[in-house]
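Here the structure comes first, spelled out in structure tokens, and everything after it is commentary.
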Number of protein chains: 2
Amino acid sequence: MSQTVFGKIARERVSDRVAAEILRLITSGDLPPGEKLPAERQLAEMMKVSRVSIRAALQRLQGQGFVSAVQGGGTRVVSATGDTEPALTELVRIDRSNLHDLAEIRSNLEVWAARRAAENARPKHLEEMAASLEAMASPERDAHERALDDVAFHLAVARASGSAVYLHILTVIRDILTEMLDYHRYELFGTPEDDAAVLAQHRAIFDAIEAQDASGAAEAMDRHLSWVLEHYRTPEGAAAPASRSDAAE
Amino acid sequence: MSQTVFGKIARERVSDRVAAEILRLITSGDLPPGEKLPAERQLAEMMKVSRVSIRAALQRLQGQGFVSAVQGGGTRVVSATGDTEPALTELVRIDRSNLHDLAEIRSNLEVWAARRAAENARPKHLEEMAASLEAMASPERDAHERALDDVAFHLAVARASGSAVYLHILTVIRDILTEMLDYHRYELFGTPEDDAAVLAQHRAIFDAIEAQDASGAAEAMDRHLSWVLEHYRTPEGAAAPASRSDAAE
DNA sequence: TAGGTTGAATTGGTATTACCTTTAGACCGC
DNA sequence: GCGGTCTAAAGGTAATACCAATTCAACCTA
């Protein structure tokens, strides 16, 4: 039991050697992101292995987020660091109803964050929120800019909460939501009345946070998100928050 | 250019469909970590696709860290969340106060899940919960086993919520909490009175879910977690829930 | 000539078949 | 029991053929 002298044998698959070699070229910078690597048939011949092994290696590298293959197009390097958070994204991609859950969970977290923000907000955070409110109130902002202001406000609240963990989780969720919504080409629209309502709700949240009224802030945020979810609910229901509600805020 | 009649075709790789299906089984809990999945040849026949496609799917899942294959041995599930959260783990490792935030966020999510569970629970989920309750009530269970029963109950609620997204996020958070707490060698203890109180609270949650009382379930869960957080709060405050509250439940 | 169209070459994706290497369990003899 | 052997099963590799999407240059039309 105490014979630690014996490590496990190297035992390496051919496809592992291939993957290691390609990965080495990627991380060393020889194959920068965007670069198209040789065709599978060429790689197979160059490395003197079967195409099966080449494909096995590339499949794993795809799973790790280093490369991306398009039928007929080729295989390209997409990242030198490898993305790892495709799990949640994949989950949502599989079943659209998960998108609704995710939006709901996010709402929950935002309410929690509002409470925390009321307790912890510092002057610079309040300034940040005020700035985005002012920008959003400006009449010459178009719909797109307004959406960005919207995001900025919610981000300011997140920062004011003083929780790095929350900021991280929220960012992950937001990325997924925007990616999925962009993918489905959702447009962000709102009537002037809607914009006014959103602005008023934001102001209520801000006032409560500024007054360090934790419960009030939580309630205001809850009202706001409920309004958004309700207001932009789509007929089919499942993909309800398919609107600015999630893409923007 | 304005021919919007033609949406883009579903075009999906066979191996993607296979990977999605397997991933669904993993994230839903049907294939828990450690479980060995059917042989490639069997999967190929069951899904009516070639072994090549099965392997392509498994290679990608390996790259994502969900499964692990060894020649001659088989393919096993190693994680239900993949390689997702290294960033979040690092965040917590750097600043212990983040641990408290994470525990608080988890509480929030559990309350939400309890509400959802009351709305969606199916017989098998109720049975699962009842089983863990019964086990926990048994006098001959020691502290360690009791903690496992505790986890089982909360996991059953999570599954009953019917939200794969929630199950995923909760698992990630739980893994981080247990890892961090185990790392600091926290012991899980509780007086018999405490155990009785926890059991009673679990029963209350179960009853509400069984009665499909969403608000009641949410309140019961909230009371339970508040009690746990309060009861096991440590003097230093920051890492407050450093006890069975997070490691176990 | 400019610009769109076509079509063959290229490239990744899937299927089929065959064989090798390792693992795991049954079996057997000492 | 203990160790060894045998064997069926599982994953890994190879070779070949064909499918499907993309690319791009030759081609054709206005």
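Please read these numbers as outputs of a predicted model, since none were measured by experiment. Numbered from 1 within each chain, the chains take letters A, B, ... in sequence-line order.
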*What's the verdict on side-chain contact (heavy atoms from CB on, under 4.5 Å) for A:I22 and A:F66, showing C-alpha distance, side-chain angles and the deciding distance?*
CA-CA 10 Å; A:I22 296 176; A:F66 287 103; over 6 Å; no

*Begin from the C-alpha positions of A:R60 and A:D16 and carry the test side-chain contact (heavy atoms from CB on, under 4.5 Å) through to its verdict.*
CA-CA 9 Å; A:R60 275 199 283 269; A:D16 279 344; 3.0 Å; yes

*asked:* For B:M129 and B:L133: C-alpha separation, side-chain torsions, deciding distance, then whether side-chain contact (heavy atoms from CB on, under 4.5 Å) applies.
replied: CA-CA 6 Å; B:M129 287 183 242; B:L133 278 182; 5.6 Å; no

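At least one side-chain nitrogen or oxygen of B:T75 sits closer than 4.0 Å to the OP1 or OP2 atom of D:dG11. Contact annotation: B:S15 reaches the phosphate of C:dT14 (side-chain N/O to OP1 or OP2, under 4.0 Å).
Looking at B:D30 and B:R24, no side-chain N of the basic residue comes within less than 4.0 Å of a carboxylate O on the acidic one, giving no salt bridge. Salt-bridge formation is not detected for the pair B:E35/B:R76: no Lys NZ or Arg NE/NH1/NH2 atom is positioned less than 4.0 Å from an Asp or Glu carboxylate oxygen.
At whole-Å resolution of the value, CE in A:M47 and C1' in D:dT13 are 16 Å apart. A straight line from CD of B:Q42 to P of D:dA8 spans 17 Å, rounded to a whole angstrom. Between A:L37 atom CG and C:dT10 atom P there is a gap of 18 Å when expressed in whole angstrom units. In this structure, B:E45 atom CD and C:dT16 atom C1' are separated by 15 Å, rounded to whole Å. One atom, CG of A:L43, and another, C1' of C:dT10, lie 14 Å apart when rounded to the nearest Å. Rounded to whole Å, the distance from CZ on B:R76 to P on D:dA10 is 13 Å.
Taking every side-chain heavy atom of B:E40 into account, D:dG12 is the closest of D:dT13, D:dG12, C:dT23.
Summary of the strand contacts: B:A39 and A:K36 both lie near DNA chain D, and taking for each the nucleotide with the nearest heavy atom, the more 5' one is attributed to B:A39.
Scanning atom types as modelled, one donor and one acceptor separated by under 3.5 angstrom connect the side chain of B:R41 and the base of D:dG11. No hydrogens or angles were tested; on distance alone, a donor-acceptor pair under 3.5 Å links the side chain of A:Q71 to the base of D:dA20.
Note: B:R55 CZ to A:S15 OG = 7.5 Å, rounded to the nearest 0.5 Å.
Contacts between residues 50-62 of chain A and DNA chain C, counted as heavy-atom distances below 4.0 Å, involve A:R51, A:R55.
Using cut-offs of 30° and 60° for the angle between ring planes, the B:F153 and B:H202 rings count as parallel.
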